[in-house]
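Below: one structure, written as structure tokens.
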Amino acid sequence: MKVRGRFAPTPSGRLHLGNARTALLAWTQVRRLGGVFVLRVEDVDPVRCRPALESDQLEDLRWLGIDWDEGPDLGGRFGPYRQSERGEIYAEAAARLSTFPCSCTRRELRASGGGPYAGTCAERPAQPHRPLALRWDPGPACTRFEDACAGVVEERVKETVGACVVRRTDGVWSYQLAVAVDDLRMEMTHILRGADLLDSTARQLAIMEALSPSTPASTDHGARPRYAHVPVIHGPDGRKLSKRHGAPDLTALREGGADPTRVVAFLARSMGMLTHDVRSARPQDLVSTFRLEDVARAPRALDPELLEEFREFAPARPPSP
Ligand code: GLU
């Protein structure tokens with residue numbers, strides 16, 4: 001089976017170093033395995049996404065030296081590669097799931113105390129005069145997978161989330177449905193992404209399996225994707241790296257004239273992929289020695305020395321107070 005992996009940014013903000021680190025890892029893993037790397041734009045939510053941010057994000061990735069074989073600019077067999085253009089594909093998938101309309105109001109949902117969906121609308125006719133969402137009933141099965149970083153995960157989606165929203169009241173397909181359908185239809189075999197998405201994985205796999213005609217442990221193209229939820233980069237204070245730590249976003253770095261080989265070396269060293277003395281690297285330089293096991297063990301927190309060095313080469317103004 002052909003190895004296929006992806007990077008799937010949401011154009012709702014600029015890419016930051018954490019996104020760049022994940023993109024670099026996903027790219028390196030796929031290149032190491034000789035696979036196909038896909039760039040998918042996750043702009044399913046028109047309220048949050050802007051086309052100008054998409055072009056900045058793609059430009060930032062190219063600037064770092066990350067390339068892709070299929071994407072919105074290149075096309076490919078599994079297109080379109082923008083979620084905003086895949087509405088019919090999501091509608092066709094949702095029609096094959098066992099769904100029910102849901103007219104619960106926010107207040108009714110809050111009454112369940114943030115726990116799993118209580119199933120109110122599964123048992124009553126939805127109130128037609130209210131805006132309707134569409135929910136999918138995941139059934140009682142337990143979803144089990146082995147994550148390369150987090151180990152074995154077992155989850156009964158019905159108990160943790162309950163019936164999941166697949167289409168919101170404003171008609172927008174849910175992020176969970178879109179990602180699951182895309183990873184299935186685009187025949188992804190390797191999904192490497194930030195640890196913050198580990199919680200969504202059982203739900204996404206359960207959707208894929210409900211859509212897939214073959215055995216529960218597989219998807220239509222053969223085996224299930226293999227997941228690796230890599231540590232999200234933190235500042236020395238243990239919080240997710242952001243402007244607060246003086247870390248500029250990628251567009252600011254690129255437009256400010258930073259050297260992309262220093263950014264790549266910095267990111268690689270933050271994961272122990274390069275030794276401390278290497279100050280310049282291209283993504284290509286990381287491919288031959290890449291080992292997912294090493295990355296899984298990489299520390300989350302950036303040491304202060306590394307951050308200090310980064311501040312020196314990054315032509316960024318200090319964050320405003
Ligand atoms: N679009 C998501 C994000 O930007 C990533 C989704 C995924 O990799 O599955 O956080």
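Throughout, residue positions are numbered sequentially from 1 according to the sequence presented. Both ligands and their constituent atoms are indexed starting at 1 by order of listing.
Within the structure, salt bridge (charged side-chain N to carboxylate O under 4.0 Å, His left out) pairs that include any residue of residues 131-141 comprise Asp137-Lys158 (at least two apart or interchain).
Salt-bridge annotation for Lys2 and Glu187: absent, with no side-chain N of the basic residue lying under 4.0 Å from a carboxylate O of the acidic one. The residues Glu108 and Arg130 are annotated as salt-bridged, a charged nitrogen and a carboxylate oxygen being separated by less than 4.0 angstrom.
If you take CG on Asp45 and OG1 on Thr10, they are separated by 9.0 Å, rounding to the nearest 0.5 Å.
In the displayed structure, Arg50 atom CZ is contacted under 6.0 Å by at most 12 heavy atoms of other residues, nucleotides or ligands.
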Need the list: ligand 1 N/O atoms against protein N/O atoms, distance under 3.5 Å, rounded to one decimal.
from: ligand 1; atom 1: 1 (N); to: Ala8; atom 2: O; distance (Å): 2.7
from: ligand 1; atom 1: 1 (N); to: Thr10; atom 2: OG1; distance (Å): 2.8
from: ligand 1; atom 1: 1 (N); to: Glu42; atom 2: OE1; distance (Å): 2.5
from: ligand 1; atom 1: 4 (O); to: Thr10; atom 2: N; distance (Å): 3.4
from: ligand 1; atom 1: 4 (O); to: Thr10; atom 2: OG1; distance (Å): 3.3
from: ligand 1; atom 1: 8 (O); to: Arg6; atom 2: NH1; distance (Å): 2.8
from: ligand 1; atom 1: 9 (O); to: Arg6; atom 2: NH2; distance (Å): 2.8
from: ligand 1; atom 1: 9 (O); to: Arg193; atom 2: NH1; distance (Å): 2.7

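Between the side chains of Gln176 and Ser200, a donor-acceptor pair is found at a separation under 3.5 Å.
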